[in-house]
Amino acid sequence: MIKHLTNRFDNFVEQRLLVANSVVTHHKRTYILPNRFGYLLLIIILLMLIAATNYQNSLAFVLTFMLIAIGHNTLVITYRNLLNLQTTILPTKPIYLGQSLHIPVKVQSLNSRDHFSVGIGHHKIIQQLLNLPSGKVVQTEIEYQPIKRGWFKPERFYLATTYPLGVFRVWSWFRCQHQYLVYPKPEKPPFDVQQLGYLSDLDSQDIKAGHEDFYSIREYQAGDARRDIHWRAYAKGQGLATKQFSEPKGQLATLDYRMFDSVEPYNRVELRLSWLCYLIREAAGSQTPFGLSLPGQNFPPAQGKEHVEHCLQALAEFGQQKQHTNNAAPELSPNQERVAK
């Protein structure tokens, strides 16, 4: 019976749940009930009222009605302590599977009152307790633990308070529109990748003459091209010198999803993606140009932060339906704006 009522209440909440990156707590989406201490206080008041009525004791009546008044005032104060709070969920950088996702959150009071002991978390778990001075913004973080790679959609956020006496609990739920990217967990392959076709001969000591990257300066020799002469040094009276340029030997590295076929015949997707993720991080750390080849998707050899992020995102989204990745909140209609406030 209790489980059935709980499920019906959850369905009722889901239908009224606001989905936005910035939400103001409103009485239409704020709920209040006594907690276990509140129910205990209610039982005590009922017993005192029965005893006062039975013995016709005036002092017992006075004490009972005082407790009722205190309970009523506490209910009003607790409820107002959560109203008119603006909560804004912010984007954050991607993480690797196995790491904790820390979502930045800003909370501020929109009225002239201070708010005390306001808890924020997700589902029904309070992670942070905040004191919110009037008009000031307080920033905190909510921690999630994603269990799979790809685009992570957080569970509903949870605001709650029991201030001041801890006998009533007021709470509100909402969902954010942001989605957060989770890369595969990087794992080092237990074998020599070079033997599988990973062309990693781009060692910093293994170079040849070229016209790509500046390498060093040497003395001028007859026959050196005029464009390679270090004219700035010559203008300073340091004599003729020639600038040397270099380019890597061999072919650029290409990381191929299929290159693990000989060592991983069962095609365990997550394991292959973890190995590729590790190799991408290694290539990025050594500033080695690399390409990535996945079934149905190819990235030509390149280097740089943007190239690395695109490749890691491709690993995270591999085999999954592409989702909306724009973290910006869409514009709300006038009716939705009115509801959000």
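This chain uses plain numbering: 1 for the first residue, then up along the sequence. Predicted model only: the values in this text are computed from it and were never measured.
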Transitive ILVMFWY side-chain link [X] to [Y], under 4.5 Å:
X     : Y      : result
Leu67 : Leu42  : no
Ile70 : Ile68  : yes
Leu18 : Leu90  : no
Ile77 : Trp171 : no
Tyr31 : Ile125 : no

Original post:
Quick one: which of Val137, Asn81, Val118 gives a side-chain contact (heavy atoms from CB on, under 4.5 Å) with Leu132?
Top reply: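 Of the listed residues Val137, Asn81, Val118, the side-chain contact (heavy atoms from CB on, under 4.5 Å) partner of Leu132 is Val118.
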**OP:** Check Ile45, Leu47, Leu41, Leu46 against Ile43 for a side-chain contact (heavy atoms from CB on, under 4.5 Å) and give me the one that passes.
**Re:**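 Running side-chain contact (heavy atoms from CB on, under 4.5 Å) over Ile45, Leu47, Leu41, Leu46 with Ile43 returns exactly one hit, Leu47.
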Taking the side chain as every heavy atom from C-beta outward, state whether [X] and [Y] have any pair of such atoms under 4.5 Å apart.
X      : Y      : result
Phe174 : Thr25  : no
Trp151 : Leu181 : yes
Pro164 : Thr74  : yes
Leu292 : Leu315 : yes
Gln108 : Lys106 : no
Pro184 : Leu97  : no
Val182 : Lys148 : no
Tyr96  : Leu312 : yes

Would the distance check show the side chain of [X] and the main-chain N or O of [Y] forming a donor-acceptor pair, the cut-off being under 3.5 Å?
X      : Y      : result
Thr88  : Asn21  : no
Thr78  : Tyr163 : yes
Tyr180 : Pro154 : no
Gln56  : Thr53  : yes
Arg169 : Arg36  : no
Gln127 : Glu143 : yes
Arg80  : Arg113 : no

Subject >> Within the 6.0 Å centroid threshold, strictly below: His310 and Phe299 >> reply: no
Subject >> Phe318 ring center near Tyr257 ring center (under 6.0 Å) >> reply: yes
Original post:
Has Arg281 got its NZ or CZ under 6.0 Å from the middle of the six-membered ring of Tyr183, at an angle within 45 degrees of the ring axis?
Top reply: no
Grab the two heavy atoms, one from [X] and one from [Y], that are nearest each other, plus how far apart they are.
X      : Y      : value
Ala52  : Ala60  : CB-CB, 3.5 Å
Ile126 : Gly119 : CD1-C, 3.6 Å
His178 : Ile89  : NE2-O, 3.1 Å
Leu255 : Met259 : CD2-CE, 4.2 Å
Gln145 : Gly98  : NE2-O, 3.3 Å
Phe116 : Thr161 : O-OG1, 3.7 Å

Subject >> Glu270/Arg149 salt bridge by N-O under 4.0 Å criterion >> reply: yes
Subject >> Lys/Arg N to Asp/Glu carboxylate O, Lys136 vs Asp114, below 4.0 Å >> reply: no
Subject >> Trace of the side-chain contact (heavy atoms from CB on, under 4.5 Å) decision for Gln86 with Ser22 >> reply: CA-CA 7 Å; Gln86 184 178 32; Ser22 184; 3.1 Å; yes
I need the [X] [atom1] to [Y] [atom2] distance, nearest 0.5 Å.
X      : Y      : atom1 : atom2 : result
Thr30  : Leu82  : OG1   : CG    : 5.5 Å
Leu273 : Glu187 : CG    : CD    : 11.0 Å
Phe37  : Ile44  : CZ    : CD1   : 11.5 Å
Thr140 : Leu129 : OG1   : CG    : 10.0 Å
Ile147 : Phe152 : CD1   : CZ    : 8.5 Å
Ile142 : Ser100 : CD1   : OG    : 13.0 Å

Original post:
When the ring planes of Phe290 and His307 are compared, do they come out parallel, tilted or perpendicular, using 30° and 60° as the limits?
Top reply: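 Correct class here is tilted.
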Subject >> Aromatic plane relationship, Phe61 with Phe65 - under 30° parallel, 30 to 60° tilted, over 60° perpendicular >> reply: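 Because their plane-to-plane angle is under 30°, the rings of Phe65 and Phe61 count as parallel.
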Subject >> Steps toward side-chain contact (heavy atoms from CB on, under 4.5 Å) verdict (Leu276, Leu294) >> reply: CA-CA 10 Å; Leu276 289 173; Leu294 298 173; 4.0 Å; yes
